[in-house]
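These numbers come from a predicted model, not from an experiment. Side chains included, hydrogens not; waters and symmetry mates left out as well; all remaining heavy atoms used. Chain identifiers are assigned alphabetically (A, B, ...) following the order of the sequence lines, protein sequences preceding nucleic acid strands; residue numbering begins at 1 within each chain.
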There are 2 protein chains.
Amino acid sequence: MLTDRERETLAYIADHVANRGYAPKLREIAEHLGIRSRGTVHRYLRALQAAGHIRISRGRARGIELLHAEDPDVAPGHTLPLLGRIAAGHPIEAIPGEDEVDLSQFFVDVNRFVLRVQGESMIEDGIMDGDMVVVERRAVADDGDIVVALVDSDEATLKRLQRNADGTVTLVPANRAMTPLRYSAERVQIQGVLVAQFRAYR
Amino acid sequence: MLTDRERETLAYIADHVANRGYAPKLREIAEHLGIRSRGTVHRYLRALQAAGHIRISRGRARGIELLHAEDPDVAPGHTLPLLGRIAAGHPIEAIPGEDEVDLSQFFVDVNRFVLRVQGESMIEDGIMDGDMVVVERRAVADDGDIVVALVDSDEATLKRLQRNADGTVTLVPANRAMTPLRYSAERVQIQGVLVAQFRAYR
DNA sequence: CACAAATGTTCTCCTTTTGTTCTCATGGAG
DNA sequence: CTCCATGAGAACAAAAGGAGAACATTTGTG
């Protein structure tokens with residue numbers, strides 16, 4: 001069983017690998033966790049290795065290999081065909097062997113939940129009033145992430161997170177009519193990170 | 001067998017595990033129950049362990065393991081909890097009996113397919129370049145629908161359909177930089193109607 | 001190749017948090 | 001009245017979390 005910090009460490013590594021194709025450095029992990037000690041991070045890595053989640057190539061930079069390649073405990077759901085291009089002139093038809101997208105796999109995971117967006121603070125990023133967003137529960141987030149955050153334990157807002165050099169954070173809306181607001185780090189409590197958005201018409 | 005509070009405690013633990021994949025801390029349980037004493041919570045846990053519902057890893061943080069493994073929801077289905085509001089101050093938690101959204105149900109149907117949007121013609125409606133859209137195959141559409149259409153059997157475009165009094169149709173982009181284009185009805189071939197849109201981050 | 005910087009590894013020390021075990025108090029039901 | 005479920009909270013041991021020094025290797029660069 002993993003501790004909170006070990007879990008966050010593993011999530012960050014998985015995220016890093018998924019997005020960039022290689023593992024992070026200890027220093028990057030520490031920075032993501034908001035701590036300064038590489039030694040502490042290394043302790044977490046040892047625990048993760050003991051639990052069978054990663055393998056460490058001793059001594060090597062970025063020598064973390066992700067094992068256990070995620071047992072998808074999400075049952076496969078119904079799929080829709082993904083059409084790359086619509087053939088000119090011909091009525092659209094599903095081509096056998098075409099790519100299929102499984103919406104469940106796409107969105108569902110443990111530690112995620114759905115929120116209905118209220119307001120237009122992120123409208124210039126294409127997130128409209130009334131849209132649904134999928135949020136992954138997480139206490140830490142990186143610069144540039146879109147987060148659900150509480151300020152002074154008040155109502156939750158959806159904003160882009162900007163980490164400033166002096167340790168403060170700025171919550172940046174995607175709406176020219178609204179101004180970015182800067183806070184000391186203690187006042188901002190991150191509840192989760194935006195992983196997807198969807199909307200129904202009709 | 002169990003008292004009211006023990007039952008509530010067990011329900012909360014089960015919910016927590018189902019939604020996050022790990023057990024809550026005594027403090028979190030206490031907060032959920034509206035009490036302040038971890039000692040009292042611990043008494044409930046002892047009772048639950050004696051009744052065979054959980055196993056406690058002594059001393060460990062989050063060291064509660066659910067036994068009696070619930071039958072049906074072992075495989076987390078295609079649903080995500082829908083949270084209406086985020087409780088001020090408290091970490092987000094799924095409220096039992098909360099709404100659940102089934103993503104497959106939400107999007108999938110026969111006669112539908114997915115397209116990746118190219119270009120920014122509908123950007124002011126929140127449909128960005130690279131977004132995925134779910135389209136329902138249909139040859140006819142109503143005034144105001146967003147449609148996938150071919151003009152002169154040429155490349156497909158995503159536009160809002162406007163039916164004019166004289167029988168012509170206008171394809172209206174949601175982008176100030178682009179102009180609506182008017183065609184005779186024969187030149188416009190409707191391939192389908194937009195029913196949903198989604199987008200993944202990270 | 002040689003060297004400096006960066007990275008990973010190990011270690012000790014420390015603070016905070018968590019779980020655990022108590023005792024005491026309260027209030028309702030039988 | 002007693003029984004019992006419930007809660008508060010003190011006290012303590014252990015776990016979790018973090019800092020940082022010291023060292024070994026790797027990595028990158030001229």
Side-chain angles (χ1 to χ4, degrees), chain A residues 1-13 16-17 20-51 53-67 137-141 153 163 167 185-186 189-190, chain B residues 1-13 16-17 20-51 53-67 89-91 93:
Chain A
M1 177 170 301
L2 303 180
T3 69
D4 287 359
R5 289 310 239 177
E6 286 159 10
R7 211 185 319 278
E8 285 172 13
T9 301
L10 180 59
Y12 178 67
I13 294 169
H16 198 282
V17 169
R20 307 202 212 180
Y22 53 87
K25 299 189 254 195
L26 294 207
R27 183 186 174 139
E28 294 171 333
I29 298 173
E31 195 173 344
H32 177 263
L33 293 176
I35 65 178
R36 266 172 290 183
S37 170
R38 283 171 295 154
T40 300
V41 172
H42 190 264
R43 193 203 302 149
Y44 298 151
L45 295 182
R46 272 206 167 291
L48 289 174
Q49 182 173 240
H53 289 97
I54 62 174
R55 180 162 49 204
I56 304 174
S57 300
R58 188 193 156 98
R60 299 276 184 71
R62 303 189 187 279
I64 305 170
E65 187 187 352
L66 215 38
L67 303 176
R137 228 181 287 269
R138 218 179 273 186
V140 292
S153 296
R163 294 196 175 278
E186 304 80 48
Q189 187 182 354
I190 293 169
Chain B
M1 252 326 213
L2 301 180
T3 69
D4 288 352
R5 289 309 238 176
E6 286 160 9
R7 207 180 308 281
E8 287 177 48
T9 301
L10 181 59
Y12 177 66
I13 294 169
H16 198 283
V17 170
R20 308 202 203 183
Y22 53 89
K25 299 189 248 195
L26 295 207
R27 185 180 183 176
E28 294 170 335
I29 298 173
E31 200 169 342
H32 178 261
L33 293 175
I35 65 179
R36 266 173 296 182
S37 171
R38 284 172 296 154
T40 300
V41 172
H42 190 264
R43 192 200 304 144
Y44 298 150
L45 295 183
R46 273 204 169 291
L48 289 174
Q49 184 174 41
H53 289 97
I54 63 173
R55 180 163 49 202
I56 303 174
S57 300
R58 185 192 158 102
R60 300 265 274 287
R62 303 189 188 279
I64 305 170
E65 189 186 350
L66 269 181
L67 303 177
H90 299 296
E93 61 184 51

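- Whole-Å rounding puts the Arg43(A) CZ to dC11(C) P distance at 13 Å.
- Using a 4.0 Å cut-off between charged side-chain N and carboxylate O, Glu65(A) and Arg60(A) make no salt bridge.
- OP1 or OP2 of dC4(D) has not a single side-chain nitrogen or oxygen of Thr3(B) nearer than 4.0 Å.
- In this structure, Arg7(A) contributes its side chain and Leu2(A) its backbone to a donor-acceptor pair below 3.5 Å.
- Checked against dG17(D), dG9(D), dT6(D), the side chain of Ser37(B) finds its nearest nucleotide in dG9(D).
- Put simply, Arg27(A) has no side-chain N or O that comes within less than 4.0 Å of OP1 or OP2 on dG8(C).
- Contact of Arg38(B) with dG19(C) (side chain to base): a donor-acceptor pair of N or O atoms is detected under 3.5 Å.
- Distance Asp4(B) CG to dA29(C) P: 13 Å, rounded to the nearest Å.
- If you check every strand for non-hydrogen atoms under 4.0 Å, Thr40(A) touches a base.
- Put simply, CZ on Arg62(A) is 14 Å from P on dA6(C), counting in whole angstrom units.
- Counting to the nearest Å, the P atom of dT18(C) and the OH atom of Tyr22(B) are 13 Å from each other.
- Summarising the geometry, the separation between CZ on Arg5(B) and P on dG28(C) is reported as 16 Å, rounded to the nearest angstrom.
- Heavy-atom contacts from other residues, nucleotides or ligands closer than 6.0 Å to CD of Gln49(A) number more than 12.
- If you take CD1 of Ile64(B) and P of dT18(C), they are 13 Å apart, rounded to a whole angstrom.
- Between Gly34(B) and Gly59(B), it is Gly34(B) whose nearest contact on DNA chain D lies nearer the 5' terminus.
- In terms of modelled atom types and a separation under 3.5 Å, the side chain of Arg5(A) and the main chain of Leu33(A) share a donor-acceptor contact.
- When the C1' atom of dT9(C) is taken as reference, atom CG of Leu45(A) falls 11 Å away, rounded to whole Å.
- Nearer the 5' end of DNA chain D, as judged by each residue's closest nucleotide, is the contact made by Arg58(B), out of Arg58(B) and Tyr44(A).
- Look at CG on Leu26(B): it is 11 Å from P on dT21(C), rounded to the nearest Å.
- Comparing dG8(C), dA19(D), dT20(C) by their closest approach to the side chain of His42(A) singles out dG8(C).
- Comparing Gly39(B) and Gly63(A) by the nucleotide of DNA chain C that holds the closest heavy atom to each, the one mapping nearer the 5' end is Gly63(A).
- Among the nucleotides dT17(C), dT10(C), dG8(C), the one closest to the side chain of Lys25(B) is dT17(C).
- Distance from the side chain of Ala61(B) is smallest to dT18(C) among dG20(D), dT18(C), dG17(D).
- Classified by interplanar angle (parallel below 30°, tilted 30° to 60°, perpendicular above 60°), the ring pair His16(B)/Tyr22(B) is perpendicular.
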